There are 2 protein chains.
Amino acid sequence: MLVRPGSAGGGADGSGTRERILAIALDLFVEQGYEETSLRQIAERVGVTKAALYYHFRSKDEILLTLHEPVHELMRNAMVRLENPASGGGMWMTFLDWLIDQVAVHSRLLLMYQRNATALGAVHRKDPDGVQRHHRGPDVEPEQLFLRMLGDPAFSLDDRVRMAGSLAVVVAGAGLAMRPAAGAVDPAELARILKVAVRDLLRVGPPTPPPLPPPLPA
Amino acid sequence: MLVRPGSAGGGADGSGTRERILAIALDLFVEQGYEETSLRQIAERVGVTKAALYYHFRSKDEILLTLHEPVHELMRNAMVRLENPASGGGMWMTFLDWLIDQVAVHSRLLLMYQRNATALGAVHRKDPDGVQRHHRGPDVEPEQLFLRMLGDPAFSLDDRVRMAGSLAVVVAGAGLAMRPAAGAVDPAELARILKVAVRDLLRVGPPTPPPLPPPLPA
DNA sequence: GTCTATAATGTGATAGAC
DNA sequence: GTCTATCACATTATAGAC
């Protein structure tokens, strides 16, 4: 589920320790954050010693990077779609629809990214080559990817705000699904709602379905 | 600007070292994050030794908490406004308008919070009393404050998504203004745009201005 | 109010046995 | 593939001189 098997150097990992390390690290990184989580803590929960972790991973950073690999892949994929010159204004909408579907699948990973973006950036700055080694493709921080586009003077400030905003809405929606306080949420329904919501924000598509109880007198 | 003078224990701080510590810590916390920033680094940049920092602050955590005090105050203020039973649906819009104005003023502080929410949460969990001591009022993490409301079953999932989304749009807009890559942004114009945008997302107010012509007919 | 010096601790990481 | 034992280092924090 998390990683493809047979990715690292050595022999077959019969007991699946590597996967368990990743799963538990993901839990802890989401709960406490990367910096606040020590290798001792991870090892304890996995049921091995610190040294054992170093058999499976070269460093703590590498655990973080391995977990973020799917996120990076998602972002690379996103970039390719955005750079496709097929359409002008509709491109962004098409992209968002795709993203919404992706987000429903990877919501937990994205939550981890959201909580550890700062730490990931630090790792990124400290050892860019180490990041490169982990996944081919352009070595861009996901966040930077969109900032570049948002700086494009071809868009008005209004457009840029709404583009950045629509992205934020999607992420917030994904976050909503992850919070236990928000109750169980049907991913499919959430995706459907998000797609309509971003259309309202971006003022495209169907004019705007009115809410049933009018919340504010016009 | 950042803190009220005469807040800490000792005598008058003639040279304003305390304020300089806070200002520089803010810079570093925004740039690198709280965990990645060491006291040595702060002291170096201020031009004093590590020990000097401990004259002004009891711990590293206290520096973070002091910086977040205005943020907490903002959140407490927000909660009071939201719990005001004056209006039903319009309440949220009124609240957002107020928030947008506040965000324009405190954008830098909010960016710090956004980047260090995880670290702040860790401090929060580790020493809740220490947080309490810093600012009277309910001891709630800002993030938790809204999650509570978003869990209210009185709202449909669609409403909740749009409420959470509108909040995210405001935060994203503030973030946009802080990024050098996004170019200079007039805060007043940004605020105006945001207020219209969240109305579109929440489907209240003026029906929906079209994209191309000037989007504010008042 | 700031310094020097140092304590106390935890961290990520390595070496080598089994 | 996992262990024990240990290293080297940076960190927060304290004590006491000036």
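Labels below follow one simple rule: chain letters A, B, ... track the order of the sequence lines, proteins then strands, and each chain is numbered from 1. Computed from a predicted structure; not experimentally measured.
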### Message
Rounded to whole Å, how long is the line connecting atom CG of A:Leu39 with atom C1' of C:dT11?
### Response
8 Å

### Task
Using whole Å, report how far CD1 of B:Ile63 lies from P of D:dT12.
9 Å

#### Entry: Minimum-distance nucleotide (side-chain atoms of B:Lys60 versus D:dT12, C:dT2, C:dC3)
D:dT12

### Query
Can you check whether B:Leu201's main-chain N or O pairs, donor with acceptor, with B:Arg162's side chain at less than 3.5 Å?
yes

### Message
For DNA chain D, which residues of residues 28-38 of chain B approach it to below 4.0 angstrom with any heavy atom?
### Response
B:Thr37, B:Ser38

### Task
Select one nucleotide: of C:dT4, D:dA13, C:dA13, the one nearest the side-chain heavy atoms of A:Tyr54.
C:dA13

### Task
Step by step, work out the side chain to side chain contact (heavy atoms under 4.5 Å, CB included) result for A:Asn116 and A:Met112.
CA-CA 6 Å; A:Asn116 296 298; A:Met112 174 188 61; 3.6 Å; yes

### Query
Rounded to whole angstrom units, what separation is found between the CZ atom of B:Arg20 and the P atom of C:dG1?
14 Å

### Message
Pair B:Val48, B:His56 - check side chain to side chain contact (heavy atoms under 4.5 Å, CB included), show working.
### Response
CA-CA 12 Å; B:Val48 295; B:His56 295 280; over 6 Å; no

### Message
Using a 3.5 Å distance criterion without hydrogens, assess whether the side chain of A:Arg115 forms a donor-acceptor pair with backbone atoms of A:Glu31.
### Response
yes

### Query
Within the structure, does a side-chain N or O atom of A:Thr17 lie under 4.0 Å from either OP1 or OP2 of D:dG1?
no

### Task
Mind calculating the distance between CG (A:Asp127) and P (C:dG12) to the nearest angstrom?
17 Å

### Query
Given D:dT12, is OP1 or OP2 found less than 4.0 Å from the side-chain N or O atoms of B:Ser59?
no

### Query
What closest approach, in Å, do A:Ala122 and B:Glu36 show between heavy atoms, and which atom pair accounts for it?
CB-CG, 3.7 Å

### Rounded interatomic separation in angstrom, taking CZ from B:Phe57 and P from D:dT14
15 Å

### Message
With a 4.0 Å cutoff (strictly under), does any side-chain N or O of B:Tyr55 reach OP1 or OP2 of C:dT2?
### Response
no

### Residues forming a side chain to side chain donor-acceptor pair (under 3.5 Å) with A:Thr118, sequence neighbours excluded
none

### Task
Using the six-membered ring wherever Trp is involved, compare the ring planes of B:Phe95 and B:Trp92 and label them parallel, tilted or perpendicular (cut-offs 30° and 60°).
tilted

### Query
Would you call A:Arg192 and B:Asp158 a salt bridge, taking side-chain N to carboxylate O under 4.0 Å as the test?
no

Check: protein-nucleotides 15-18 of chain C nitrogen or oxygen pairs below 3.5 Å:
none

### Task
Answer yes or no: is there an ion pair linking A:Lys195 with A:Asp101, defined by an N-O contact shorter than 4.0 Å?
yes

### Atom-pair distance (CZ on B:Arg40; C1' on D:dT11), nearest Å
10 Å

### Task
Starting at atom NZ of A:Lys50, determine the distance to atom P of C:dT11, rounded to an integer number of angstrom.
7 Å

### Summary
Atom CZ of B:Arg18 and atom P of C:dT2 are separated, to the nearest Å, by 12 Å

